[in-house]
Each structure stands twice: as structure tokens, then as C-alpha cells.
Visitor: 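The structure that follows is given in the form of C-alpha cells.
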Amino acid sequence: MPELPEVEITRLSFASRIQGARTTGVRVGKPLRWPIGCDPQHLLSQSVGEVVRRGKYLWLPLESGGLLLHLGMSGSLSFAANVGEPGRHDHFDLSTTKGTLRLTDPRRFGAVVWSPSMHSGPAAKLLCGLGLEPFDAEFDGAYLKSALRSRSGPIKQALLSGAIVVGAGNIYACEALFEAGIDPRTRSSKLSLARCERLAAAVRRTLARALDLGGSTLRDFRDAHGIAGEFQLHAQVYGREHEPCARCSAPIRRIVQGQRASYFCGRCQRR
DNA sequence: AAGTGGACCTGCTAGC
DNA sequence: TGCTAGCAGGTCCACT
């Protein structure tokens, strides 16, 4: 579900409200992707620091370490003073003096993992292979060109891997490639510097636009106030197989790459 | 090292 | 109306 814009919108919707609160209770429901990795008692009576994002992960700092959160495909976080009884898909609650942070995740691909810090233990292991943040000044055409040099596979899969640049998932990778006029099947190492520059700019613009629009809500996504996004209404290619391309009217195509759907315009997007 | 396919889990929808 | 196959925003891991 949640790509970088959705994760960042979620963070913005509760980080300032939970900061400085003190933890008062923990409820662990059905198993998520990994075990939490600590005795839940260990999380009690600690003050909460500033929530930060790295890629699609959120780091929630506590005094004796912190929690690395991931929303998987169908996860969302809510934060409210009165949360009520947990529903069937509510698998983690962290109660604090300012409200309860609750992870709702029907498919349970999400995760809540304790780590002594962001830069050690399980968190470090999960974060260490990640590429640049898309809004980092270092992320530009020259960086992309260099990072893609050793990659023979399709550019779409290189973007999705997160090893070069983080944050673009299936929707935004498709949209960014459309904006840059690049066929998703193009071999990564074949992209010219000029096209790498266009692609880096397109990734940033696509993610920034999604942030402006509150992210994409296909079905599950809500921010921590329960508000849906509307980028999906503005998508040019994602989920639009057979519809006419907004730029040239050719029908949008759908193919499968690495077991994921790719949508693109066969006329506007070149190899 | 980089590419590929399978795995995890539930819910919804299109088609018969 | 009811069943089934196929599909869904992610990403780790084992294997080549």
C-alpha cells in the first residue's frame, strides 16, 4: 500500500501529537511480518521522541531504544485519545499519555520491530541496504546514471528495489516513468545521462505531487486522522489499462515485470 | 553482484 | 446468487 508519500503523510499526521508522550500500555495482536523482538513490558513508561521516516519505514524513538514500523501492503496507523476495542485487523496498540497509536493491517505484511537504535540491531539490518532519499540533494541524474551502470535489468525493477532510491513503489514508479517518457522495460544501464536526469526529476516531482494530494488511497490507506488521499484520481497510467493516454491517446498497456503489474504508454514511453 | 521466483496473508472483484 | 481464480500499495530470502 503505502509508498513514500503515504508513509510521510502518516508521519506528519501524528508525529507532533505523540512526541513527548509517555507510554502506558502495549497490546500485541496477531503476528505481523516479524516478532516484535522484545518483552512488551520493556516498552512501558518511556517518553516518545521525534518520529522520523527512512524510505517506507518509520522510526519511533523511545528512551531505551525504539520501534521500527512498516505498513506493508495494507497497513495504516491511527492515533487518537479514544480508540475503542480493537477490530479484527488491529494488531498493535501503543498507548500513551496523549493517545493510542494503533496499527491496522489486514494482510499483516507490516511490521513493528524493537531495536536499540536506528543505527544498530534489527533496525540497522533492515535499513542498511536502502538507497538515497528522493529529496536528498545527492539524488540527481549523475547519481542515477552511476548507480544504474552495473544493472542489466529493467529500469522499473531497479526503481522498485529501493537499493538506488527509496520511496517509489508500484504506483509512483509507473507514474514517474511515464512522466520521464521511459519504457519500464528499458535496460537500466542503457539510460543516457540526459534520460537519467529526466527520471530523477520525474521521481521527485511525482512523489512531491502525491504528498500535496494526500497520497493515494486504493482501498485501505488513511492517515492517522483517518483521512484518505486522492493522488489515484490524478494517476496518468497506473490502473488505467486500455484507457487513452492523456498525452497521445494511444491505449495504456499493462504488462507484468517481476510479478508486478506495470502500466505505460507504448507510444510516449521509449526504450 | 545482480537477477529471479517464492513466500508471507487477507479481502475484494470479475467472470462463469 | 454463489463459487473460484486472480489480483492488490512491499520486500525479505534462497537460489542461480
Visitor: Please pick, from C:dG9, C:dT11, B:dT4, the nucleotide with the shortest atom-to-atom distance to any side-chain atom of A:Gln157.
Guide: B:dT4
Visitor: A:Lys156 NZ to B:dG3 C1': how many Å, rounded?
Guide: 15 Å
Visitor: According to the Watson-Crick and G-U wobble definitions, with both distances under 3.5 Å, which nucleotide is paired to C:dG9?
Guide: none
Visitor: Rounded to whole angstroms, how far apart are CD on A:Glu241 and P on C:dA8?
Guide: 10 Å
Visitor: Ignoring backbone atoms, test whether A:His70 places a side-chain nitrogen or oxygen under 4.0 Å from the OP1 or OP2 oxygen of C:dT11.
Guide: yes
Visitor: Among B:dG5, B:dT4, C:dA8, find the nucleotide with the atom closest to the side chain of A:Gln259.
Guide: B:dG5
Visitor: Between A:His89 and B:dG11, is there a contact of a side-chain N or O with OP1 or OP2 at under 4.0 Å?
Guide: yes
Visitor: Please find the pair of heavy atoms, one from A:Lys56 and one from A:Leu4, that lie closest to each other, and give the distance.
Guide: CG-N, 4.1 Å
Visitor: Looking for any heavy atom pair under 4.0 Å, which part of the strands does A:Tyr238 touch: base, sugar-phosphate only, or nothing?
Guide: sugar-phosphate
Visitor: Could you check A:Arg53 against A:Glu133 for salt bridge (Lys or Arg N to Asp or Glu O under 4.0 Å), going step by step and ending with a plain yes or no?
Guide: CA-CA 10 Å; A:Arg53 180 189 56 74; A:Glu133 286 290 326; 2.9 Å; yes
Visitor: Examine C:dC13: is either OP1 or OP2 under 4.0 Å from a nitrogen or oxygen in the side chain of A:Lys125? Give yes or no.
Guide: yes
Visitor: Any N or O donor-acceptor pair linking the side chain of A:Arg107 to the base of B:dC9 at under 3.5 Å?
Guide: yes
Visitor: Mark yes or no for a side-chain to base donor-acceptor pair under 3.5 Å between A:Arg108 and B:dT10, with no hydrogen or angle criteria applied.
Guide: no
Visitor: For a quick test of reading the model: is some side-chain N or O of A:Ser74 closer than 4.0 Å to OP1 or OP2 of C:dA8?
Guide: no
Visitor: Any idea which heavy atoms bring A:Ser13 and A:Asp223 closest together, and the distance?
Guide: OG-CB, 3.7 Å
Visitor: Which nucleotide in the list C:dA8, B:dA2, B:dG11 gets nearest to the side chain of A:Ser150?
Guide: B:dA2
Visitor: Do A:Glu63 and A:Arg22 meet the salt-bridge criterion of a basic N to acidic O distance under 4.0 Å?
Guide: yes
Visitor: Have a look at A:Ser161 and say if it touches a base, only the backbone sugar-phosphate, or nothing, with a 4.0 Å heavy-atom cut-off.
Guide: nothing
Visitor: Atom CD1 of A:Ile171 to atom C1' of C:dC7: distance rounded to whole Å?
Guide: 14 Å
Visitor: Would you say the side-chain atoms of A:Thr104 and A:Asp90 include a donor-acceptor pair closer than 3.5 Å?
Guide: yes
Visitor: How many Å lie between CZ on A:Arg149 and C1' on B:dA2, as a whole number?
Guide: 15 Å
Visitor: Could you check how far CG of A:Asp90 sits from P of B:dT10, rounded to whole Å?
Guide: 15 Å
Visitor: If I take atom CZ in residue A:Arg88 and atom C1' in nucleotide B:dC9, what distance separates them, rounded to the nearest angstrom?
Guide: 12 Å
Visitor: Return the nearest nucleotide to the side chain of A:Asn170; candidates are C:dC12, C:dG10, B:dG3.
Guide: C:dG10
Visitor: Counting only side-chain heavy atoms from C-beta out, which of C:dA8, C:dT11, B:dG5 sits nearest to A:Arg254?
Guide: C:dA8
Visitor: Distance check needed: C:dC13 C1' versus A:Phe109 CZ, whole Å only.
Guide: 14 Å
Visitor: In the structure shown, which nucleotide is the Watson-Crick or G-U wobble counterpart of C:dT4, with both distances under 3.5 Å?
Guide: B:dA14
Visitor: Under 4.0 Å between any heavy atoms, over every strand shown, what does A:Arg151 touch: base, sugar-phosphate, or nothing? Just pick one.
Guide: sugar-phosphate
Visitor: Please determine whether a side-chain nitrogen of the Lys or Arg among A:Glu179 and A:Arg198 lies less than 4.0 Å from a carboxylate oxygen of the Asp or Glu.
Guide: no
Visitor: Taking the side chain of A:Tyr57 as its heavy atoms from C-beta onward, which of C:dG9, B:dG11, C:dC12 lies nearest to it?
Guide: C:dC12
Visitor: What is the distance, rounded to the nearest whole Å, between atom CZ of A:Arg260 and atom P of C:dG9?
Guide: 5 Å
